[in-house]
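Keep in mind that this is a model prediction, so the values were computed, not measured. The chain is numbered in sequence order, starting from 1.
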Amino acid sequence: MKTILISEAESIVMQSLWDNNPLGADEVIAALSSQQNWQEATIKTLLNRLLKKGAIRAEKDGRRFLYAPILKREQWIHSESKGFLDRMFDGKIAPLVAHFSQQKKLTKQDIAELKRLIAELGDGK
């Protein structure tokens, strides 16, 4: 599947659809207008942008449309994290971890999880 670039605002709309779908525009508006203090027109614009990008689909349901994601959350996370690593750390994970350790942003739990993951990689899992 081709990479679909979505903005931060669009990702918030996507999250509501990843959490629960299909949803009508009214349901997306209800979910997001209180969280984001966005106007109805803003949310409808974001839905239309996501439709044009191919990130979501709309199916007619009587007099309204129901929206559901085409882009999977895992695909988006992979694309975003790869882009971040490429831009900030030349595509390498070790400098990212080093950065967070230098900034004292790794908790003991984070370190334990990293050690577990590295051990699994060493075991060929």
Side-chain angles (χ1 to χ4, degrees):
M1 178 178 229
K2 68 178 177 138
T3 300
I4 299 173
L5 299 176
I6 57 177
S7 70
E8 186 176 342
E10 291 166 346
S11 74
I12 293 169
V13 173
M14 289 298 297
Q15 188 60 55
S16 70
L17 292 171
W18 285 321
D19 289 344
N20 189 17
N21 67 82
L23 294 175
D26 55 331
E27 295 165 309
V28 176
I29 291 164
L32 296 179
S33 59
S34 61
Q35 291 176 13
Q36 298 298 321
N37 199 23
W38 287 344
Q39 299 297 316
E40 181 177 328
T42 301
I43 296 168
K44 286 184 175 181
T45 297
L46 292 170
L47 285 168
N48 283 325
R49 284 185 194 164
L50 289 166
L51 273 171
K52 287 179 185 173
K53 290 179 178 187
I56 63 173
R57 69 177 183 274
E59 294 180 6
K60 193 110 169 104
D61 180 47
R63 296 179 58 204
R64 68 182 190 150
F65 286 95
L66 294 177
Y67 299 93
I70 295 172
L71 176 66
K72 291 179 174 33
R73 188 171 195 281
E74 297 76 23
Q75 291 171 312
W76 176 70
I77 289 172
H78 175 77
S79 174
E80 288 291 307
S81 59
K82 183 176 179 343
F84 175 76
L85 273 176
D86 289 347
R87 285 189 313 277
M88 303 300 290
F89 299 98
D90 199 26
K92 298 178 181 142
I93 294 174
L96 168 73
V97 175
H99 169 76
F100 283 108
S101 68
Q102 291 165 357
Q103 301 299 317
K104 305 217 184 316
K105 299 291 184 188
L106 294 176
T107 65
K108 287 181 181 180
Q109 184 178 1
D110 291 332
I111 293 167
E113 180 69 11
L114 286 169
K115 285 179 179 179
R116 185 189 64 75
L117 291 169
I118 290 168
E120 284 181 7
L121 289 172
D123 291 342
K125 290 183 180 178

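Note on Leu50 and Ile77: same hydrophobic cluster, where clusters join Ile, Leu, Val, Met, Phe, Trp and Tyr whose side-chain heavy atoms are under 4.5 Å apart, directly or indirectly. Residues Leu96 and Leu114 are members of one and the same hydrophobic cluster, defined by side-chain heavy-atom contacts under 4.5 angstrom among Ile, Leu, Val, Met, Phe, Trp and Tyr.
Checked against ring-ring contact (aromatic ring centres under 6.0 Å, His included), Trp38 has no partners two or more places apart in sequence or in another chain. Here Asp110 pairs with Thr107 under the side chain to side chain donor-acceptor pair (under 3.5 Å) rule; sequence neighbours left out.
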Expected list for residues 84-95: side-chain donor-acceptor pairs under 3.5 angstrom, two or more places apart:
from	atom 1	to	atom 2	distance (Å)
Asp86	OD2	Lys82	NZ	2.9
Arg87	NH1	Gly83	O	3.2

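The minimum heavy-atom distance linking Asn21 with Tyr67 is given by the pair CB-O, 4.1 Å. The shortest non-hydrogen separation linking Ser33 to Ile43 is N-CD1, 4.0 Å. Across all their heavy atoms, Lys72 and Gln75 have their closest contact at N-OE1, 2.8 Å. Among all heavy-atom pairs drawn from Ser11 and Trp18, the shortest one is O-CZ3, 4.4 Å. Taking every heavy atom of both residues into account, Leu66 and Gly24 meet most closely at CD2-N, 3.6 Å. Among all heavy-atom pairs drawn from Glu10 and Ser7, the shortest one is OE1-N, 2.7 Å.
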Fill in: Worked verdict on Met14 versus Arg73 for side-chain contact (heavy atoms from CB on, under 4.5 Å)
CA-CA 8 Å; Met14 289 298 297; Arg73 188 171 195 281; over 6 Å; no
Practice prompt. Decide yes or no on side-chain contact (heavy atoms from CB on, under 4.5 Å) for Lys60 and Phe65, but give the supporting numbers first.
Written response: CA-CA 5 Å; Lys60 193 110 169 104; Phe65 286 95; 3.8 Å; yes
Worksheet item: What do the steps show when you test Thr42 against Leu46 for side-chain contact (heavy atoms from CB on, under 4.5 Å), and what is the final call?
Response: CA-CA 6 Å; Thr42 301; Leu46 292 170; 4.3 Å; yes
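Within the 3.5 Å criterion, the main-chain N or O of Ala41 finds a donor-acceptor partner in the side chain of Thr45. Judged purely by atom type and a 3.5 angstrom limit, Ser16 uses its side chain to pair as donor or acceptor with the backbone of Val13.
Taking OG1 of Thr3 as the reference point, atom CD of Glu80 lies at 10.0 Å (rounded to 0.5 Å).
For NE2 of His99, the number of neighbouring non-hydrogen atoms (other residues, nucleotides, ligands) closer than 6.0 Å is greater than 12. Residue Asp61 qualifies as enclosed at atom CG: its count of foreign heavy atoms under 6.0 Å is above 12. By the neighbour-count criterion of 12 heavy atoms within 6.0 Å, atom NZ of Lys115 is sparsely surrounded, having that number or fewer from other residues, nucleotides or ligands. Counted within 6.0 Å of CD on Gln39, heavy atoms from surrounding residues, nucleotides or ligands total 12 or fewer; the atom is thus considered open. Atom CD of Gln35 has more than 12 neighbouring heavy atoms from other residues, nucleotides or ligands inside a 6.0 Å radius.
With side-chain heavy atoms closer than 4.5 Å counting as contact, directly or through intermediates, Ile118 stands alone and belongs to no larger hydrophobic cluster.
Pairs engaging residues 40-52 under the salt bridge (charged side-chain N to carboxylate O under 4.0 Å, His left out) rule: Glu40-Lys44 [sequence neighbours left out]. Listed by first then second residue, pairs satisfying salt bridge (charged side-chain N to carboxylate O under 4.0 Å, His left out) with a partner in residues 13-33 read Asp26-Arg64, Glu27-Arg64, not counting sequence neighbours.
Each of Ile4, Leu71, Ile70, Leu17 was compared with Ile56 under the side chain to side chain contact (heavy atoms under 4.5 Å, CB included) criterion, and only Leu17 meets it.
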